[in-house]
Amino acid sequence: LLSSPGAHADGDSYINDLEQSGYTYTESRKDLLEWGYAVCNDEVLHGLSREEVVRNVASGNSMTFDAALYLVESAEIHLC
């Protein structure tokens with residue numbers, strides 16, 4: 001029996017990781033979680049590369065490339 005893709009998702013760990021990252025994310029917890037799950041959808045369902053997803057996050061949210069990269073990597077670890 002296969003589990004669903006979100007079966008091991010841990011939103012709290014993802015948010016805690018972002019809070020401890022050293023980057024300043026001013027967006028709400030709800031927005032950060034939505035972006036995290038969007039990362040998973042873009043990579044898994046739509047086949048976008050990590051670089052494409054990072055660029056989309058950075059440009060769509062006025063955040064630095066490095067902050068966006070951290071968010072994407074954290075989403076991959078904790079949500080995808």
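Note that these values count all heavy atoms, side chains included, but never hydrogens, waters or copies made by symmetry.
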Exercise. Which pair of heavy atoms, one from Gly36 and one from Ala75, lies closest together, and at what distance?
Worked result: O-CB, 3.7 Å
Exercise. Any disulfide bond (SG atoms under 2.5 Å apart) pairs touching residues 48-79, not counting sequence neighbours?
Worked result: none
Problem set entry | Residue pairs fulfilling salt bridge (Lys or Arg N to Asp or Glu O under 4.0 Å) with at least one residue in residues 11-26, sequence neighbours excluded | Asp12-Arg29
Exercise. Applying salt bridge (Lys or Arg N to Asp or Glu O under 4.0 Å), which residue pairs with at least one partner in residues 33-45 are found, sequence neighbours left out?
Worked result: Lys30-Glu34
Problem set entry | All salt bridge (Lys or Arg N to Asp or Glu O under 4.0 Å) counterparts of Glu52, not counting sequence neighbours | none
For this session: Tell me, please, which residues at least two apart from Glu27 pass side-chain contact (heavy atoms from CB on, under 4.5 Å).
Result: Tyr25, Asp31, Leu32, Trp35, Met63
Exercise. Which pairs, with at least one residue in residues 57-71 and sequence neighbours excluded, count as a salt bridge (Lys or Arg N to Asp or Glu O under 4.0 Å)?
Worked result: none
Exercise. With sequence neighbours left out, what residues match Arg50 under salt bridge (Lys or Arg N to Asp or Glu O under 4.0 Å)?
Worked result: Glu73, Glu76
For this session: Could you pull out all residues at least two apart from Thr64 that satisfy side-chain hydrogen bond (donor to acceptor under 3.5 Å, both in side chains)?
Result: none
For this session: Could you grab the distance from atom CZ of Arg55 to atom OG of Ser49, nearest 0.5 Å is fine?
Result: 6.5 Å
Seminar exercise, completed: Tyr23 meets the ring-ring contact (aromatic ring centres under 6.0 Å, His included) criterion, sequence neighbours left out, with Tyr70
Exercise. Quick one: OH on Tyr14 to CG on Leu79, what's the gap to the nearest 0.5 Å?
Worked result: 6.0 Å
Problem set entry | Beyond-backbone contact of Ile15 with Leu33, side-chain heavy atoms, under 4.5 angstrom | yes
Exercise. So which of Val54, Val53, Val39 actually passes side-chain contact (heavy atoms from CB on, under 4.5 Å) with Leu48?
Worked result: Val53
Exercise. Got a donor-acceptor contact below 3.5 angstrom from the Ser74 side chain to the Leu71 backbone?
Worked result: no
Exercise. Between atom CD1 of Ile77 and atom CG of Asp10, what is the distance when rounded to the nearest 0.5 Å?
Worked result: 12.0 Å
